[in-house]
Trainee: 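Here you go, one structure.
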Amino acid sequence: MSLPTLTIGNLTARFPIIQGGMGIGVSLSRLAGAVARAGGVGIISCAQIGFQDPLFEKSPLKANMRAIETEYQKAKTIAGDNGIVGFNIMCATYQYERYVKRCVEVGADLIISGAGLPIHLPELVANSKTKIAPIVSSAKAVKVLLRTWAKRYQRTADLVVVEGPQAGGHLGFSYEEASMEPSVMDQEFGKILKEVAAYEEQFQQKIPVVFAGGIHSREDIDYYLKLGASGVQIATRFVVTEECDAPDSYKQMYLRAKPEDIEIIKSPVGMPGRALHNDFTKRAAKERIPIERCRNCLSLKHCDRKTIPYCISQMLLNSVTEHPNEGLVFAGAQVHRIHEKTTVPALFAEWTGLSETTFL
Ligand SMILES: Cc1cc2nc3c(=O)[nH]c(=O)nc-3n(C[C@H](O)[C@H](O)[C@H](O)COP(=O)(O)O)c2cc1C
């Protein structure tokens, strides 16, 4: 059976596959552009997006604002005429509003926002063509958010991303919940679909709901489509592609990963995160890692510089620069199922059953 398309307002992706935003430096223009070109939705991560700019160490915010434009333009060029490219912006980001406004200014097709509830997102994208999508992990969260948006802004989401406990990166669950049985999340997913349906009715518009976390195969995609999802968001599988923006040393860590290498760690953001066991996670479990330099990545509310166990920017930057073993390498719960390097067209060929040349 062929996969359905994914419609988000007036945008239609040929396949219902969104590539999850991955910061720092894992999903930039190369990966997002290639996914959009293949017929999925490509997402660039805004997390310290300008880290390769010489200006970055002196002025991270300026470098990031500049990179939003250059990365978006590069991705759109790769994507071609109908390619859909968006940004992922974490709610905990320092000066979150400026990031959203900059993405709108450069013409982003879509903004996906998680690691907190993006309560003010509608007013930040008002009068633009940019679509908005929250990332939620519970029916309660989607209920609170969509009710607030409806009351305060008389609008609703263009898309909802539901992130389950098998996802990589920060998780919207407690440490204990992070290892819940998938069937428990399936029930929650059903409740989320119901909540969203009420707003589809109220606003007389379709709100596609996509599931994220631990999706590896076509079978997994079909499973969530059958549960009522309009699509899926996949991140981990895209890391070990030629097009992924992370360096080869990072991809090699994924290729070596066994089930016992996957850990739930404490993040300064105050949420648990799923990552690969390495020298960094060993050290972080034992001691507080001193902050070398603050690059103002998180808002003060989300990061108490005096008490955090380590600096998240520093550790994520380590992992994509020289020292993946001494940095934070986020990964999803199914990372051990990846055994070889691939390409974005080859992944789309595997998931769709179409020939790889279709996606070149
Ligand atoms: C390396 C990595 C970095 C990530 N960074 C972010 C991020 O910056 N913001 C975010 O909202 N989600 C982030 N995520 C979560 C993904 O976007 C995605 O929702 C999730 O990983 C899906 O599960 P999967 O990796 O099992 O496919 C990250 C995931 C990974 C693996």
Side-chain angles (χ1 to χ4, degrees), residues 17-28 31-32 35 40-49 51 64 86-93 96 99 110-118 121 133-137 159-173 178 182 185 210-217 220-221 224 229 231-241 244-247 250-251 253-254 257 262-263 265 267 269 271-276 278 297-298 302 312-313 315-320 324 327-338 347 351:
I17 296 169
I18 300 177
Q19 160 257 309
M22 291 180 277
I24 297 172
V26 182
S27 71
L28 296 174
L31 178 59
V35 171
V41 176
I43 301 292
I44 299 169
S45 162
C46 270
Q48 305 290 34
I49 180 173
F51 77 104
N64 291 341
F87 287 95
N88 176 291
I89 314 174
M90 289 195 299
C91 297
T93 307
Y96 172 80
Y99 282 85
L110 168 69
I111 291 174
I112 299 182
S113 239
L117 287 183
L121 188 51
I135 303 177
V136 295
S137 294
L159 164 85
V160 171
V161 178
V162 178
E163 215 177 55
Q166 296 216 13
H170 291 118
L171 302 170
F173 299 93
M185 189 63 209
V210 302
F211 189 86
I215 294 167
H216 183 90
S217 62
D220 300 334
I221 298 174
Y224 288 103
V232 292
Q233 175 172 287
I234 300 177
T236 296
R237 276 221 79 187
F238 283 111
V239 171
V240 194
T241 57
C244 171
D245 296 272
Y250 192 97
K251 299 173 188 176
M253 291 209 48
Y254 266 51
I262 305 161
E263 287 192 23
I265 55 137
S267 157
V269 180
M271 303 164 95
R274 181 172 281 103
L276 293 182
N278 62 4
C297 62
L298 300 175
H302 290 94
I312 189 134
S313 267
M315 293 307 144
L316 287 172
L317 283 169
N318 266 0
S319 69
V320 287
L328 175 50
V329 180
F330 279 141
Q334 300 296 322
V335 60
H336 57 279
R337 287 167 70 186
I338 300 174
L347 278 181
W351 290 325

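Indexing begins at 1, ligand by ligand and atom by atom, following the structure's order. Source: prediction; values computed, not measured.
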Trainee: First locate atom OG of S27, then atom CZ of F87, and finally report the distance between them rounded to the nearest 0.5 Å.
Mentor: 10.0 Å
Trainee: Which heavy atom of the protein is the closest neighbour of atom 27 (O) of ligand 1, given with residue, atom name and distance?
Mentor: A235 N, 2.9 Å
Trainee: Is ligand 1 under 4.0 Å from a heavy atom in the side chain of F238, in the backbone, in both, or in neither?
Mentor: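 Neither part.
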Trainee: Identify the closest protein heavy atom to atom 24 (P) of ligand 1: which residue and atom is it, and at what distance?
Mentor: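 Ranked first by proximity to atom 24 (P) of ligand 1 is T236 OG1, 3.6 Å.
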Trainee: How does E163 reach ligand 1, if at all, at less than 4.0 Å between non-hydrogen atoms: by side chain, backbone, both, or neither?
Mentor: side chain
Trainee: Of the protein's non-hydrogen atoms, which lies at the shortest distance from atom 11 (O) of ligand 1, and what is that distance?
Mentor: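 Closest protein heavy atom to atom 11 (O) of ligand 1: N88 ND2, 2.9 Å.
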Trainee: Who's the nearest protein heavy-atom neighbour of atom 22 (C) of ligand 1, and how far?
Mentor: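 For atom 22 (C) of ligand 1, the nearest protein heavy atom is G213 N, 3.7 Å.
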Trainee: In terms of atom number and element, which parts of ligand 1 are under 4.0 angstrom from non-hydrogen atoms of Y254?
Mentor: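 So the atoms of ligand 1 that pass are 1 (C), 31 (C).
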Trainee: May I ask you to test the L31-V26 pair for a side-chain heavy-atom distance under 4.5 Å?
Mentor: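 No - every pair of side-chain heavy atoms lies 4.5 Å or more apart.
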Trainee: Using a 4.0 Å cut-off to any heavy atom of G20, which atoms of ligand 1 qualify?
Mentor: 17 (O)
Trainee: For Q233, counting its heavy atoms only, list the atoms of ligand 1 lying under 4.0 Å from any of them.
Mentor: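 In order of numbering, the contacting atoms are 17 (O), 18 (C), 19 (O).
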Trainee: Just how far is it from atom NE2 of H216 to atom CD1 of I338, taken to the nearest 0.5 Å?
Mentor: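 Taking NE2 in H216 and CD1 in I338, the distance rounds to 6.5 Å.
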Trainee: Just which atoms of ligand 1 are under 4.0 Å from any heavy atom in Q166?
Mentor: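 Answer for ligand 1: 26 (O).
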Trainee: For the backbone of M22 and the side chain of N88, can you confirm whether one donor and one acceptor N or O come within less than 3.5 Å of each other?
Mentor: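 Flag not set: sc N88 to bb M22 has no pair under 3.5 Å.
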Trainee: How far is atom 17 (O) of ligand 1 from the closest protein heavy atom, and which atom is that?
Mentor: G21 O, 2.8 Å
Trainee: Just to be sure I read this right, does ligand 1 sit under 4.0 Å from the backbone of A167, its side chain, both, or neither, counting only heavy atoms?
Mentor: both
Trainee: Just one of V232, I112, V35 clears the side chain to side chain contact (heavy atoms under 4.5 Å, CB included) bar with I18, so which one?
Mentor: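 The residue from V232, I112, V35 that satisfies side chain to side chain contact (heavy atoms under 4.5 Å, CB included) with I18 turns out to be I112.
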Trainee: Side-chain contact, heavy-atom cut-off 4.5 Å: Y250 with S319?
Mentor: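 SC-SC contact between Y250 and S319 confirmed.
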Trainee: Atoms of ligand 1 less than 4.0 Å from G214 heavy atoms?
Mentor: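 Answer, ordered by atom number: 23 (O), 24 (P), 26 (O).
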Trainee: Tell me: protein heavy atom nearest atom 4 (C) of ligand 1, and distance?
Mentor: M22 CA, 3.5 Å
Trainee: Just how far is it from atom CZ of R274 to atom CD1 of I265, taken to the nearest 0.5 Å?
Mentor: 11.0 Å
Trainee: Does a side-chain N-to-carboxylate-O contact under 4.0 Å join R237 and D220?
Mentor: no
Trainee: Considering only heavy atoms, does I135 approach ligand 1 within less than 4.0 Å through its side chain, its backbone, both, or neither?
Mentor: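 Answer for I135: side chain.
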Trainee: Do M271 and L171 have side-chain heavy atoms sitting under 4.5 Å apart?
Mentor: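 Not touching, per the 4.5 Å side-chain cut-off.
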Trainee: Parallel, tilted or perpendicular: which describes the rings of F238 and W351, with under 30° parallel and over 60° perpendicular?
Mentor: perpendicular
Trainee: Counting from 1, what ligand 1 atoms have a heavy atom of Y250 closer than 4.0 Å?
Mentor: 1 (C)
Trainee: Would a 4.5 Å heavy-atom cut-off, applied to side chains only, mark L316 and Q48 as touching?
Mentor: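 A side-chain contact under 4.5 Å is absent here.
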Trainee: To which protein heavy atom is atom 15 (C) of ligand 1 closest, and what is the distance rounded to 0.1 Å?
Mentor: G168 O, 3.3 Å
Trainee: Looking only at distances, please establish whether an N/O atom of ligand 1 is found under 3.5 Å from an N/O atom of G23.
Mentor: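 Yes: some nitrogen or oxygen of G23 is under 3.5 Å from one in ligand 1.
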